[in-house]
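Here the structure is a predicted model, which means the values were calculated and not measured. Order of appearance sets the numbers: ligands from 1, and atoms from 1 within every ligand.
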Amino acid sequence: MLIYLDGKLVPRSEATVSVFDHGFLYGDGVFEGIRVYEGNVFRLPEHVDRLYESARTIGLHIPMERAEMIEAVRGTVAANEKTDAYVRVVVSRGPGDLGIDPTKCRKATVVIIVDSISIYPREVYDYGLELVTSSVRRIPAESLDPRVKSLNYLNNILARLEATNAGCVEAIMLNHQGLVAECTGDNIFIVKHGRLETPALTQGALAGITRQVVIEIAHAVGVPWRETELALHDVYNADECFLTGTAAEIVPVVTVDGRTIADGRPGPLTRLIVAEFRRVRVVDRACARYAGEELVAERT
Ligand code: PXG
């Protein structure tokens, strides 16, 4: 395995970062998780844009241009000879001293890891996931904008621990008003009367790339959708429910806090979205190839 570390490809055993790195000391940094499908890095420009936006918001300078980052990701994928993979891009504040002052960190650390990921057991894709609601609220935007994909996941990890204690692998997180924001590592959608609904980003959700793909699919297949406020009541009484995420892709949800969603089986619209998602992956790839790897993907 070859890891990209500050401009060089190094073997895994040599891919080490300083204990003074503020990513390690304070969770000070940003990251992305990206999929490679059949050799194509899926929605790479979108992921790189989100990485740079997150970095700007936390005042972190990434010491390379976006185009260089795109090339670095592609180069690391190619060097590892992987056609289907999960890519983790991490940019931390870099080595500094023991105080939190980020201005003492002279240069950000940039790491790209190409590996595989499988976060949920196979059965959940066929039979659906059981969710609980966590008592841990999503950090409000006044404190840390949830659109920032930061290295500090403690808020989500605390919620995930509750899920684990309840025998679940994922949990719903509410915002400060008690409305549904998202899950610990996935966005959430419901279907009600044939319409897709998902919490607006202002409700405290990460602007998920997979969420955006699902919205594009809804457009394309003519399914009405809206971003809105969702209470737990809406989720409990949904006709269908599913989660979206880069690692998870699209996962049907069949129970929430012990309430069975509709008949307790993945619904028809969820299955349609899953099928279209698989197709879109190929369309993106075909268009990326057509555009000479410039990734000008046609969104059908
Ligand atoms: N919300 C949160 C809080 C996330 O961390 C998503 C939504 C989905 O966004 P994308 O862009 O991936 O569709 C994420 C991303 C994990 C894991 O191991 C999950 C994420 C990132 C890293 C690790 O579960 N989720």
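- For the pair Asp28 (side chain) and Gly23 (backbone), a donor-acceptor distance under 3.5 Å is absent.
- The distance between the ring centers of Phe242 and Tyr125 does not fall below 6.0 angstrom.
- The shortest contact between atom 14 (C) of ligand 1 and any protein heavy atom is with Gly185 O, 3.3 Å.
- The side-chain heavy atoms of Trp225 and Glu197, taken from C-beta on, include no pair separated by under 4.5 Å.
- For atom 9 (O) of ligand 1, the closest heavy atom belonging to the protein is Gly208 CA, 3.5 Å.
- For atom 18 (O) of ligand 1, the nearest non-hydrogen atom of the protein is Ile119 CG2, 4.0 Å.
- In this structure, Val213 does not count as a contact residue of ligand 1, since none of its heavy atoms falls inside 4.0 Å of the ligand.
- Below 3.5 Å of separation, one finds an N or O of Arg50 facing an N or O of ligand 1.
- Electrostatic pairing of Arg43 and Glu216 counts as a salt bridge here, judged by a charged N lying under 4.0 Å from a carboxylate O.
- The protein heavy atom nearest to atom 1 (N) of ligand 1 is Glu182 OE1, 2.6 Å.
- The closest non-hydrogen atom to atom 3 (C) of ligand 1, taken over Asn187, Asp186, Val169, Asn156, comes from Asn156.
- A donor-acceptor pair shorter than 3.5 Å cannot be found between the side chains of Asn152 and Ser150.
- Using a cut-off of 4.0 Å between Lys/Arg side-chain N and Asp/Glu carboxylate O, Glu53 and Arg50 are scored as not salt-bridged.
- Contacts between Thr210 and ligand 1 below 4.0 angstrom, taking non-hydrogen atoms only, involve backbone and side chain alike.
- Near Thr246, with a cut-off below 4.0 Å to any heavy atom, the atoms of ligand 1 are 10 (P), 11 (O), 12 (O), 13 (O).
- In this structure, atom 5 (O) of ligand 1 lies nearest to the protein heavy atom Tyr153 OH, 2.4 Å.
- The protein non-hydrogen atom at the shortest distance from atom 24 (O) of ligand 1 is Arg160 NH2, 3.7 Å.
- Considering backbone and side-chain atoms alike, Ile209 places an N or O below 3.5 Å from some N or O of ligand 1.
- Here the heavy atom of the protein found nearest to atom 21 (C) of ligand 1 is Lys149 NZ, 3.1 Å.
- For the pair Arg281 and Tyr37, the cation sits on the ring face: its NZ or CZ lies under 6.0 Å from the ring centre, inside 45° of the axis.
- Using a cutoff of 4.0 Å between basic side-chain nitrogens and carboxylate oxygens, Glu249 and Arg35 are scored as salt-bridged.
- Listed by number with element, the atoms of ligand 1 under 4.0 Å from a non-hydrogen atom of Thr184 are 3 (C).
- Scanning the protein heavy atoms around atom 23 (C) of ligand 1, the nearest turns out to be Arg88 NH2, 3.5 Å.
- Heavy atoms of Tyr120 found under 4.0 angstrom from ligand 1: none, in either backbone or side chain.
- Annotation for Gly194 and Leu269: closest pair O-CD2, 4.1 Å, computed over non-hydrogen atoms.
- Ion pairing of Arg211 with Glu227 is present here, as a side-chain N (NZ or NE/NH1/NH2) and a carboxylate O approach within less than 4.0 Å.
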